[in-house]
Amino acid sequence: MPSRHPAVLAWPRRNPPSPSACPQAGAAAPPALKKDAAIEVPLHCTLEELYQGTTKRMRVDRAVPIADSATGRRSEVLTVQVMPGWRAGTRVTFPEKGDVRPGRIPADVVFVVKERPHPSYVRDGADLVYTHRLALVDALCGCTALVPTLDGRELALSVQGVVAQGAERLIPGEGMPLGAGARGNLRVRFDVQFPPALDAGAREMLRAALPPGPLEGEA
């Protein structure tokens with residue numbers, strides 16, 4: 001069965017420990033147990049998982065006492081609920097899920113979110129940056145760019161006017177979740193694709209269609 005977060009128990013105020021259970025006056029207190037250092041485990045998530053949220057079931061292997069004071073190994077599945085909008089570096093702690101050793105407090109197991117690279121998207125804070133390859137003719141004449149989202153939708157973005165290399169267009173509210181229904185923005189960054197070569201006829205047509213560049217010395 002997947003493990004749940006352990007509950008924290010406290011003494012009920014109306015039923016304190018009896019005096020007979022308390023240490024005698026002047027008796028030496030037992031030495032405090034030391035806790036093992038936390039064990040950090042990477043929790044690899046795709047950008048889609050951090051956008052929508054997901055459930056990760058992580059298996060841990062720990063030493064536990066068995067019969068005759070011997071130690072054995074036991075596997076346990078810990079469930080991590082990844083929430084929409086989590087960032088790389090987010091930490092999820094399962095208290096005392098490390099090895100059980102005599103005279104020591106078991107270590108905490110800490111899962112640390114690691115974001116896997118995405119082929120088209122980059123996260124910038126709460127914003128998402130999508131690189132869209134745009135043909136030169138579309139960069140000059142305009143088009144409708146189809147932008148796939150991380151949750152499987154497709155957004156139609158009207159591209160008007162001349163688009164420079166690296167220019168961006170903003171789609172509000174389509175970035176990473178921020179909580180309470182708020183989201184960052186989606187920035188579409190254009191990578192204009194130039195043809196590898198032009199024949200003489202195409203060059204002449206372009207010269208006739210495009211305005212001349214500024215003369216030397218002109219701003």
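Residues meeting the side-chain contact (heavy atoms from CB on, under 4.5 Å) test with Met205, sequence neighbours left out: none. With sequence neighbours excluded, the residues satisfying side-chain contact (heavy atoms from CB on, under 4.5 Å) with Ala126 are Leu178. Checked against ring pair (Phe, Tyr, Trp, His ring centres under 6.0 Å), Tyr130 has the following partners two or more places apart in sequence or in another chain: Tyr121. Partners of Glu174 under the salt bridge (charged side-chain N to carboxylate O under 4.0 Å, His left out) rule, at least two apart in sequence or in another chain, are Arg153. Here Lys114 pairs with nothing under the salt bridge (charged side-chain N to carboxylate O under 4.0 Å, His left out) rule; sequence neighbours left out.
Looking at Arg169, its side chain never comes within 3.5 Å of a backbone N or O of Leu157 through a donor-acceptor pair. The main-chain N or O of Thr46 is found under 3.5 Å from a side-chain atom of Glu49 such that the two form a donor-acceptor pair.
Hydrophobic clustering, defined by side-chain heavy atoms of Ile, Leu, Val, Met, Phe, Trp and Tyr closer than 4.5 Å, groups Val112 together with Val110. With a 4.5 Å cut-off between side-chain heavy atoms of Ile, Leu, Val, Met, Phe, Trp and Tyr, the cluster of Leu210 takes in Leu198, Leu206. Residue Val100 shares its hydrophobic cluster (ILVMFWY side chains chained together at separations under 4.5 Å) with Val64. Other cluster members for Phe194: Leu136, Leu140, Val162, Val192, joined by side-chain heavy-atom distances under 4.5 Å among Ile, Leu, Val, Met, Phe, Trp and Tyr.
Linking Ile, Leu, Val, Met, Phe, Trp and Tyr whenever their side-chain heavy atoms come within less than 4.5 Å puts Val92 and Met83 in one cluster. Note: the hydrophobic cluster containing Tyr51 also contains Val80 (ILVMFWY, side chain heavy atoms under 4.5 Å, direct or indirect links). Tracing side-chain contacts under 4.5 Å through hydrophobic residues (I, L, V, M, F, W, Y), one reaches Val163 starting from Val147; they form part of the same cluster. When hydrophobic clusters are built by joining Ile, Leu, Val, Met, Phe, Trp and Tyr residues whose side-chain heavy atoms come closer than 4.5 Å, directly or via intermediates, Val129 is not grouped with Phe190. Phe94 and Ile39 fall within the same hydrophobic cluster, where Ile, Leu, Val, Met, Phe, Trp and Tyr residues are linked whenever their side-chain heavy atoms come under 4.5 Å apart, directly or through other members.
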What verdict does the side chain to side chain contact (heavy atoms under 4.5 Å, CB included) test give for Cys143 and Val137, after you've listed the backbone C-alpha separation in whole Å, the side-chain angles of each residue and the deciding distance to 0.1 Å? CA-CA 9 Å; Cys143 67; Val137 63; over 6 Å; no
Please determine whether side chain to side chain contact (heavy atoms under 4.5 Å, CB included) holds for the pair Leu146 and Leu155, giving the CA-CA distance in whole Å, both sets of side-chain angles, and the decisive distance to 0.1 Å. CA-CA 6 Å; Leu146 298 180; Leu155 305 176; over 6 Å; no
List the steps and the verdict of side chain to side chain contact (heavy atoms under 4.5 Å, CB included) for Cys45 and Lys56. CA-CA 9 Å; Cys45 298; Lys56 297 277 191 178; 4.0 Å; yes
Could you please spell out the steps behind the side chain to side chain contact (heavy atoms under 4.5 Å, CB included) verdict for Leu47 and Arg123? CA-CA 8 Å; Leu47 195 53; Arg123 183 175 184 171; 4.3 Å; yes
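A donor-acceptor contact closer than 3.5 angstrom is absent between the side chains of His44 and Glu115. Checked by atom type, the side-chain pair Ser158/Gln160 shows a donor-acceptor distance below 3.5 Å.
Tested against Leu128, the residues Leu186, Asn185, Val122 include a single side chain to side chain contact (heavy atoms under 4.5 Å, CB included) partner, Leu186.
Contact record, Pro106 with Gly98: CB-O, 3.9 Å, taken as the closest heavy-atom pair. Counting all heavy atoms, side chain and backbone alike, Pro84 lies closest to Gln52 at CG-O, 3.2 Å. Minimum interatomic distance between Arg183 and Gly173 (heavy atoms only, all atoms of both residues): CD-O, 3.4 Å.
Side chains of Arg59 and Ser75 form a contact here, defined as non-hydrogen atoms less than 4.5 Å apart.
The side chain to side chain donor-acceptor pair (under 3.5 Å) pairs that include a residue from residues 136-150 are Thr149-Asp151, where partners are two or more places apart or lie in different chains. For residues 33-42, the side chain to side chain donor-acceptor pair (under 3.5 Å) pairs, not counting sequence neighbours, are Lys35-Asp108, Asp36-Arg101, Asp36-Arg104, Glu40-Arg91. Identified under the side chain to side chain donor-acceptor pair (under 3.5 Å) test for residues 189-207, with sequence neighbours left out: Arg133-Gln193, Glu168-Arg189, Asp191-Gln193.
Salt-bridge annotation for Arg62 and Glu76: present, with a side-chain N of the basic residue lying under 4.0 Å from a carboxylate O of the acidic one.
Atoms CZ and CG, on Phe111 and Leu78 in that order, are 5.0 Å from each other to the nearest 0.5 Å. Rounding to the nearest 0.5 angstrom, the gap separating the CG atom in Leu170 from the CZ atom in Arg187 is 8.0 Å.
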